[in-house]
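Structure record follows, encoded as structure tokens.
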2 protein chains.
Amino acid sequence: MDLPDRALRPRAIAVADALRERMLDGALRDGEKLNETRLADALGVSRTPLRAALHALAAEGLLEYAPNRGFTVRDFSTELIDEAFEIRAALEGLACRFAARRGLDASSRASLETALAQGEAVVATGQCGPAELERYRTANVAFHETLLHAAQNRQLADTLRLVLNRPGASLRRIVAFTPDQIRQRVDDHRRILEAILSQDYGRAELLMRDHVSGIRTAR
Amino acid sequence: MDLPDRALRPRAIAVADALRERMLDGALRDGEKLNETRLADALGVSRTPLRAALHALAAEGLLEYAPNRGFTVRDFSTELIDEAFEIRAALEGLACRFAARRGLDASSRASLETALAQGEAVVATGQCGPAELERYRTANVAFHETLLHAAQNRQLADTLRLVLNRPGASLRRIVAFTPDQIRQRVDDHRRILEAILSQDYGRAELLMRDHVSGIRTAR
DNA sequence: TCAACCGAAATTGTACACAATCAGCTGATC
DNA sequence: GATCAGCTGATTGTGTACAATTTCGGTTGA
């Protein structure tokens with residue numbers, strides 16, 4: 001359970017990253033109480049940087065903090081994930097609006113088109129195995145990340161990042177299982193890109209919001 | 001520059017609150033570099049709880065952190081405040097939707113109607129002096145806070161709270177200066193409440209979003 | 001049996017000492 | 001005069017000791 005020791009980075013930062021990672025991949029379970037001494041030993045650091053990291057993660061909303069009785073992993077049950085998706089939908093919709101209003105620069109446009117093409121290539125296979133899902137996942141992350149970057153709004157990016165860090169609301173999580181569902185998602189992407197390119201920001205926002213809501217509801 | 005010493009609360013929490021307060025009321029200026037030793041002395045605590053607080057505030061997005069060179073107050077210039085208001089508008093709109101969809105319980109409804117009535121009382125004076133603005137501010141905070149509470153969505157509440165803590169985007173900041181502007185805001189509130197009561201959540205969201213955007217744009 | 005109480009052990013909160021790193025100055029070199 | 005290495009004081013990062021608080025077992029008394 002050691003840290004990747006990039007010696008430059010302060011331990012507090014490395015520890016926060018490591019814990020975030022473990023929450024996303026489920027190594028730390030919902031509601032789990034974190035014992036500072038044991039956790040510090042396990043991570044190979046003292047309690048000082050660990051505690052700084054814990055306070056930061058609590059501020060991000062990933063941990064609960066109760067004075068004098070420590071930190072616990074926040075519970076992300078099903079309905080909480082639904083909530084997170086609705087917030088994510090609203091914020092990504094907003095990002096889409098900003099990107100459309102501002103207009104895409106050449107490199108963002110190229111990235112989006114590449115991601116879209118990769119998605120369409122997956123659809124063209126008509127398959128939906130692990131390999132296809134992985135390729136779609138990559139394309140999907142690239143599409144959403146690029147759009148967020150194109151919005152050029154750091155506060156929105158920060159806010160959305162917090163929501164995306166919630167277990168279950170991550171961009172990496174793909175909730176599609178059939179070729180048809182993937183086809184529909186890629187179709188969404190294409191229409192979103194078209195709306196952005198024609199600077200129809202109201203429509204761009206609406207489409208993105210619906211797209212993200214759909215990810216969750218179409219189970 | 002002492003802390004209010006409620007001895008129960010860990011110093012790290014009290015320090016974070018105190019610093020947040022100072023950023024909101026402008027005692028800490030944009031871009032200011034925070035010297036840990038001096039700040040700790042000024043607050044009457046050691047560097048240990050101070051640093052925990054600083055990490056938390058950085059995670060909230062109020063401070064910038066650069067490894068080995070410390071924390072600085074994040075810059076919230078005019079256009080950043082505009083950005084924050086757009087995010088706030090989207091999130092409060094969402095809260096409004098949730099509240100409408102879920103329906104108001106008796107106490108929320110009573111609080112909202114009280115807040116509305118207080119706003120209308122201010123409008124009835126036809127004045128816009130410091131006393132009126134203060135009364136309107138109180139009513140306004142109560143209205144928005146109650147609505148957020150009624151949305152019953154803690155993740156949304158947390159996310160919105162972060163945005164509201166941004167200097168310039170606070171609920172306490174009233175950007176109205178004429179009786180007519182106040183009249184219009186109170187009118188917004190009434191229509192929002194009506195939409196919620198009739199469970200027209202799409203409209204409730206739209207109205208709230210427009211209302212919050214309007215706060216900022218109508219200068 | 002049960003609740004309230006007490007103490008010890010475990011756990012969290014804080015201060016402080018020291019290590020690591022950075023910023024600014026000095027002076028040597030070209 | 002500009003540049004850069006190296007020194008030095010200042011600042012940040014971390015480990016550790018200890019204080020404060022909570023938790024939990026056992027004991028007492030009704």
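All values reported here derive from a predicted model rather than from experimental measurement. Just so it is clear, the values below take in all heavy atoms, side chains as well, and ignore hydrogens, waters and symmetry mates. So you know, we letter chains A, B, ... as the sequences are listed, proteins then strands, and number each from 1.
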Just call it for B:A12: base, sugar-phosphate, or nothing, with non-hydrogen atoms closer than 4.0 Å on any strand.
sugar-phosphate
In whole Å, I'd like the distance from the CG atom of B:L54 to the P atom of D:dT11.
15 Å
On the side chain of A:T48, is there an atom forming a donor-acceptor pair with the base of D:dT16 - under 3.5 Å, no angle test?
yes
Below 4.0 angstrom from OP1 or OP2 of C:dT11, is there any side-chain N or O of A:R38?
yes
Kindly assign one of parallel, tilted or perpendicular to the pair B:H211 and B:H144, based on the angle between their ring planes and the thresholds 30° and 60°.
parallel
Proximity to the side chain of B:N35 - top-ranked nucleotide from C:dA15, C:dT12, D:dT11:
D:dT11
Near-strand residues of residues 60-73 of chain B, defined as heavy-atom separation under 4.0 angstrom from DNA chain C:
B:N68, B:R69
Is the base of C:dG13 touched by the side chain of A:R47 through a donor-acceptor pair closer than 3.5 angstrom?
yes
Are OP1 or OP2 of D:dT12 and a side-chain N or O of B:K33 less than 4.0 angstrom apart?
yes
Any donor and acceptor pair, going by atom type alone, linking the side chain of A:E205 with main-chain N or O of A:G202 inside 3.5 Å?
no
Separation of A:R9 atom CZ from D:dT12 atom C1', in whole Å?
17 Å
Can you tell me if A:R166 uses its side chain to pair, donor with acceptor, with the backbone of A:L162 under 3.5 Å?
yes
Salt bridge (Lys or Arg N to Asp or Glu O under 4.0 Å) against A:E21, all qualifying residues, sequence neighbours excluded:
A:R172
Given atom CG of B:L50 and atom P of D:dT12, what is their separation to the nearest angstrom?
10 Å
Indicate yes or no for a side-chain donor-acceptor contact from B:H149 to the backbone of B:E145 under 3.5 Å, with no hydrogens or angles considered.
no
Hey, is the side chain of A:R11 poking within less than 4.0 Å of OP1 or OP2 on D:dG15, counting only N and O atoms?
yes
What is the distance, rounded to the nearest whole Å, between atom CG of B:D41 and atom C1' of D:dA10?
14 Å
Atom-to-atom span, CZ of A:R51 to P of C:dT11 - whole angstrom:
14 Å
Rounded to whole Å, how long is the line connecting atom CD1 of A:I13 with atom C1' of D:dT12?
12 Å
For A:D17, enumerate each residue passing the salt bridge (Lys or Arg N to Asp or Glu O under 4.0 Å) test, keeping only those at least two apart in sequence or located in another chain.
A:R9, A:R20
Identify all pairs in which a protein N or O lies below 3.5 Å from an N or O of nucleotides 4-9 of chain D, and state each distance.
none

Classify A:L34 by what it touches in the nucleic acid, base, sugar-phosphate, or nothing, heavy-atom distance under 4.0 Å.
sugar-phosphate
Short side-chain to backbone donor-acceptor contact, A:Q155 and B:L80, under 3.5 Å:
yes
Could you tell me how far apart A:L39 (CG) and C:dT11 (C1') are, to the nearest whole angstrom?
14 Å
Distance-only, no hydrogens or angles: does the B:D75 side chain make a donor-acceptor pair with backbone N or O of B:G31 under 3.5 Å?
no
Nearest whole Å is fine: how far is D:dA19 C1' from A:E36 CD?
15 Å
Nearest-nucleotide pick for A:S46, side chain only, options being D:dG15, D:dG13, C:dT12
D:dG15
Kindly write out the residues that satisfy salt bridge (Lys or Arg N to Asp or Glu O under 4.0 Å) with B:R109, not counting sequence neighbours, or none if the list is empty.
B:E113
Residue pairs involving residues 61-73 of chain B (criterion side chain to side chain donor-acceptor pair (under 3.5 Å); sequence neighbours excluded)
A:R154-B:E64
